Amino acid sequence: MEYNFREIEKKWQKQWKDTNAYKVSNPDSEGVIKPKFYVLDMFPYPSGAGLHVGHPLGYIASDIYSRYKRLKGFNVLHPMGFDSFGLPAEQYALETGQHPAVTTEKNIQRYHEQLDNIGFCYDWSREVRTSDPQYYKWTQYIFLQLFDSWYNRKNNCTERIATLIEIFQTEGNQSESRNPKAEIFSSEEWMRFDEAKKQEILMEYRIAFLAFGEVNWCEALGTVLANDEVINGVSERGGHPVVKKKMRQWYLRITEYADRLLQGLEQVDFSESMKEMQRNWIGKSEGAMIEFPLTPASPRGGEEPAKISAEIEAETGMVLVHGSDVENIEKASPDQKSSDLGVRDREKNIPGFGYGLYKVASEMNFKNAKEMRREPTEAENVLWHALRNRGVGYKFRRQHAIENFIADFICLDVWLIVEVDGGYHAPVEQKEADEGRDASLQQIGFTTLRFTNDEVLQNLEKVLLKIRETCDEIKVASVEKRSAAGSPSPLQGEAGVRVYTTRPDTIFGVDFMVLAPEHELVKHITTPEQKEAIDQYLTYVKSRSERERMAEVKSITGAFTGAYAVNPFDGREIPIWISEYVLAGYGTGAIMAVPCGDQRDYNFAKHFNIPITNIIGDAYNGEEANPTKDAILQNSGFLNGMVMKDAIGEVIDELEDLGIGKRQVNYRMRDAGFSRQRYWGEPFPIVYKGGVAYPLTENELPVELPYVDTYSHGPEGEGPLANLADWIIAPHGGTRETNTMPGYAGSSWYFLRYMDPYNEDQLVDRKVADYWGQVDLYIGGTEHAVGHLLYSRMWTKALFDLGYIGFDEPYKKLVNQGMIQGVSEKILRLDMNMRGEVENTNWYEFHYLDEQDNLQIQTLGRDNGYDDKGFKIYYSAEIFEILKSHKEFLKVSRNFSPLYVNVANVSDHSLNVFSFWKDEPEPNRHVFVTKVGFYYNNDFFSFHYDNENRNGVFKTVHEFEKISKSKKNVVNPDDIVERFGADTFRMYEMFLGPVEQSKPWDTKGIEGVHRFLRKFWRLFVDEVKGVIVTNEEPTAAELKVLHKTIRKIEDDTERFSFNTAVSTFMIAVNELGDLKCHKRSVLEQLVILLTPYAPHICEELWSLLGNEGSVLNAPFPTLEEKYLVESSKEYPISINGKVRANLNLSLDATQQQVEE
RNA sequence: GCCCGGGUGGCGGAAUUGGUAGACGCAGCAGACUCAAAAUCUGCCGUUCGCAAGGAUGUGCUGGUUCGAUUCCAGUCCCGGGCACCA
């Protein structure tokens, strides 16, 4: 009786099916008390190509583990399904006209067959398909829940939109404002808003929301793509160019979960590289938002100042001085024209203008930040609180803070300088100078409110009132906004340039600022002189596609706006540039450039000849930037002498004190686009009425995907559904959303549906979800690291917050199987021109390179003779000799364009020309075979030169590459199973190496594993005698082999080291073979051990041993240490670290005895 | 450029906690069985010196720690993967 794997496997697969051997029960249906274990494979997209040997790797690993856990007494959920919505089916439909539903169904059938062939223990009764209306009903349902939710930042929880409405009704949006530019409204105002306005506001909070934004538009695919579907500016699928386009799209507010997605990684068992990829994608960085004021360059003047000052004088009883515009300031005092707005020249003691608005800190020569600080006086405190309560002003912790307060009003375009004397301790001559200054200001039209502390206190209410009114008239919105947002920054909106930096410590090294070309400030600040240059640059930027922009990362481009910002610490004027290298989408779309510390800034400065300030002394070599954090700061005002990394916190503290900056965390991750202009996906359960999106109710679900017979785009970039005039009109009025959901929608929650696949009332029953809980083991490829896994984790968190499930991380442990590469075989196409018809002339021009790399032309042919140009024509047999004499050519020929040939027609790297021929759809008549190669379709293919004189053998060139149809290196698991059996295939895939590792497929090695199974079989069955198992008592040696194996297999299986487990089985079988062991008590245990790996043969042997029932339910063998105890041990004797001898000593020996 | 992995025979890979490097398999060589082949079995199989016994050497490279390093540390080179004007 031979090991007839074909019969055995067919028999048991049928048996398993007939007895529902893999049916898994939920606890409530049959009172299961076993502990649960959930093993999940990433479900496949059923592509037309079917499975190749690379696909099942992970499935086999999870199957082994599931079966192992089952033997260990767990109730194991191990389901499988299909991610059956997606682009390829639709692309195929566009090309062939076959409906995606039809091709998808066909492909799924094929997958089923292939998977069953390998003998997986899936509970097919739980199969889910994302394109099944009964499934996507719940995908749509979850979408509606996300639409009906918002993210409450206070308790970090997804909540129903109703709770937000309640907040709006009771207190407005003061505490929940999301975006600094958002309008602030009170509860009364909220009540007064009309429906459309309310919906518009709520949309800014919904987790699933509609927004008008820049999207990745792929013209070739006719759709929008998510960020992770775009790679280097081209689409992941098909490699088509992707451009930015503004469209109205659905999004998921995944950014709200950024921090939790980050923290959640600590809780789960993913590989370090996988976590790293996700962290990278989320891209959290900590730094500061800093506001650099602009130099007030716009002309000022007119009637206003005089009018206001007169009013103020009348009302407050104070004396006001008057000033004029900046140009006049400069005219009035030409010799101290400073780069700042009227910084006074102290040395010359000329009355200055706009006294110390910015430069105070540096001019006062403070050595460090501490010295600069002093506690505010009582008056200052009172004033500050009063101002603060009204939403203006900020803490007077610094002397010059008062001056900044003044600057505040200037920047608000209020023609008013309020100066509080309390913070100013100038000597007498200084005061006189100030009076002179005031006079000058008056002359040129500035308005100065000058109070002493006492006056301020006495007239505070009046002063404030006046300030407020003045502001209301001129820039009321700014003041209001700032007050509502509670922003500490008095500088608001367009008043300054906001930048985000992770290195605020380098602030004294800022030599220029760069805005993204799209930055909205650009058009406001560009000076008339620079307008042309800027416009030119903007045109240039617009002309470039995303792809070009990425391809030319290294090139440095930019333009100067003519405007300047002011460094808040030292008052230096900083030119503002625009450049592509600053991205509009990240941070604030503006940077402070520190050329001595950042290479890109350095390159930019060099390119445009911007002087570089060195703040790190010797650490900067003048030739490249040094991004260190460890250098000691110089030229850095109050930071001098500090180590950079310590200065970061210090600067942020100062910025916050000054109210011109704050600590800020930024994320690289963006909200996820959720619309696709496609047909083959989930329709949105959304109807538009009057431009407002309304959700359908639960009982209107599912919104079934309507049947179409053409798949071309709808109008204006819409999807094919937009062509269905009837369908668009919803039954209860309104028009339907015509986009469909992206591929990741269905796969974000499928693991939940497996738990309770037939539930018609809920996506999953809460009790069932509580029983199965997290996926204990998730196996799949790395390619889903950032896409599927992040979305799935986010959905889980949202569903958890909303109470649908009791856990907020879906996958407890993730194992990434490596890719199995294929061996592709190529033959080489030489550069060969064919002249005339093959049958008629039989001669060719043949191009090759000689020793000097010169191109030579040789005429070759089948018959001796000369052509019409007098070239000699050779017999084909001679061609070989010619080639041999041109070794250089043969070397070079390897680089000539290769033609992939089907690996099935290649063995031992030589091509079987005849099967290659037969493979051709229409065998080519014009074929000419010579000893050196053959002509085919007007190309010449040589065999690979071989010194062993393998004349006439078509050697191929082989390479390890990704398995793909185009490379003709697909090995179908069905073929392997047919030749060697499923058990051999399973074990061989595992034996190849660690699951996580990528490795090439080599069919040759499979023999070894097959031999092992046959050897195993022969322990039980003799070809002639039949079953030879005896009931004899096992010897100590046999028991030792068994228990050693039990321990190792258990160990290896637990830690997914399946390759070493297979070799352990081999060792055990070899050893038992040597011992001639055919004893039931040993072999029976071994059968159970092997069951997870080779289930078919084990079932057969289990029943041959006379057991009733299936080995699937046998108890896993228990390890008994007593059989492993050794009485003696070989001690290696090591001298100077080298093993010199071995001594066999009894284990009873004491340490002293051993040492002796 | 940055961040993760990794580098061990002809090949895939073992060595789980710093303790006999190369388990197991493939390929190869030699032999047994056979008319022959297949199948099966036995032996050899890192490099090197040696008839042999035995010795030397050996885990990308250079150092270090240690009685002892594939394993730990520092530096360096190479390969694979991910991210990439992210401030």
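Computed from a predicted structure; not experimentally measured.
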**Q** Taking the six-membered ring for Trp, are Phe1056(A) and Phe1058(A) parallel (under 30°), tilted (30 to 60°) or perpendicular (over 60°)?
**A** perpendicular
**Q** Whole angstroms only, please: what is the CG-P distance between Asp1052(A) and A15(B)?
**A** 8 Å
**Q** Tell me if G9(B) is syn or anti. Syn = glycosidic torsion within 90° of 0, anti otherwise.
**A**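 Syn for G9(B); the angle stays within 90° of 0.
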**Q** Return the residues of residues 985-994 of chain A meeting this criterion: a heavy atom under 4.0 Å from some atom of RNA chain B. Order them by number, or give none.
**A**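 Those residues whose heavy atoms fall under 4.0 Å from RNA chain B, taken from residues 985-994 of chain A in numerical order, are Phe991(A), Leu992(A), Pro994(A).
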**Q** Looking just at side-chain N and O atoms, do Thr255(A) and Tyr667(A) make a donor-acceptor pair shorter than 3.5 Å?
**A**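 No pair is found: no donor N or O on one side chain lies under 3.5 Å from an acceptor on the other.
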**Q** Could you tell me the separation between the OG1 atom of Thr628(A) and the CE atom of Met644(A), rounded to the nearest 0.5 Å?
**A** 7.0 Å
**Q** Please tell me which of the listed nucleotides, C24(B), G82(B), A87(B), lies nearest to the side chain of Ser1063(A)?
**A**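 Looking only at side-chain atoms, Ser1063(A) lies closest to C24(B).
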**Q** Provide, to the nearest angstrom, the distance between the CE atom belonging to Met819(A) and the C1' atom belonging to G81(B).
**A** 10 Å
**Q** Among the candidates C24(B), A27(B), C85(B), find the nucleotide nearest to the side-chain atoms of Ile1067(A).
**A**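 Of all the options, the side chain of Ile1067(A) is nearest to C24(B).
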**Q** Parallel under 30°, tilted from 30 to 60°, perpendicular over 60°: which one fits the rings of Tyr500(A) and Tyr586(A)?
**A** perpendicular
**Q** To the nearest Å, how far apart are Lys999(A) NZ and G6(B) C1'?
**A**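 One finds 15 Å between C1' of G6(B) and NZ of Lys999(A), rounded.
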**Q** Please list, pair by pair, any protein nitrogen or oxygen found under 3.5 Å from a nitrogen or oxygen in nucleotides 2-4 of chain B.
**A**
from: C3(B); atom 1: O2'; to: Glu276(A); atom 2: OE2; distance (Å): 3.3

**Q** Counting only distance, no hydrogens or angles, is the base of U16(B) paired donor-acceptor with the side chain of Lys1048(A) under 3.5 Å?
**A** yes
**Q** Separation of Arg1011(A) atom CZ from A38(B) atom P, in whole Å?
**A**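 Computing the Arg1011(A):CZ to A38(B):P distance gives 12 Å.
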**Q** What is the separation between atom CZ on Arg1014(A) and atom C1' on C41(B), rounded to the nearest whole Å?
**A**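 Result: 13 Å.
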**Q** P atom, C67(B) versus G12(B): distance in rounded Å?
**A**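 Taking atom P in both C67(B) and G12(B), they lie 37 Å apart.
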**Q** Using whole Å, what does the distance between atom C1' of nucleotide G12(B) and atom CD1 of Ile820(A) come to?
**A** 12 Å
**Q** Going by atom types only, do Asp511(A) and Tyr602(A) share a side-chain donor-acceptor pair under 3.5 Å?
**A** no
**Q** Counting only side-chain heavy atoms from C-beta out, which of C83(B), C41(B), A15(B) sits nearest to Arg1055(A)?
**A** A15(B)
**Q** Using every non-hydrogen atom in the two residues, find where Ala625(A) and Pro595(A) come nearest and quote the distance to one decimal.
**A** CB-O, 3.4 Å
**Q** Return yes if a side-chain donor-acceptor contact under 3.5 Å exists between Asn603(A) and Gln599(A), otherwise no.
**A** yes
**Q** Let's see if you can work this out: which of C24(B), A14(B), U40(B) has an atom nearest to the side-chain heavy atoms of Met1066(A)?
**A**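 The closest nucleotide is C24(B).
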**Q** Can you check the Asp1074(A) CG to G43(B) P distance for me, whole Å?
**A**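 Checked: the CG to P distance equals 8 Å.
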**Q** For residues 988-1000 of chain A, which residue pairs pass the side-chain hydrogen bond (donor to acceptor under 3.5 Å, both in side chains) check, not counting sequence neighbours?
**A** none
**Q** Of the nucleotides C41(B), U16(B), A87(B), which one has an atom closest to the side chain of Val582(A)?
**A**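 The closest nucleotide is A87(B).
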**Q** Using the ring centroid of each side chain, check whether Phe512(A) and Phe604(A) are separated by less than 6.0 Å.
**A**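 Phe512(A) vs Phe604(A): aromatic centres under 6.0 Å.
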**Q** Within the structure, does a side-chain N or O atom of Ser1057(A) lie under 4.0 Å from either OP1 or OP2 of U16(B)?
**A** no
**Q** In whole angstrom, give the distance that lies between atom CZ of Phe270(A) and atom C1' of G82(B).
**A**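 About 17 Å, once rounded to whole Å.
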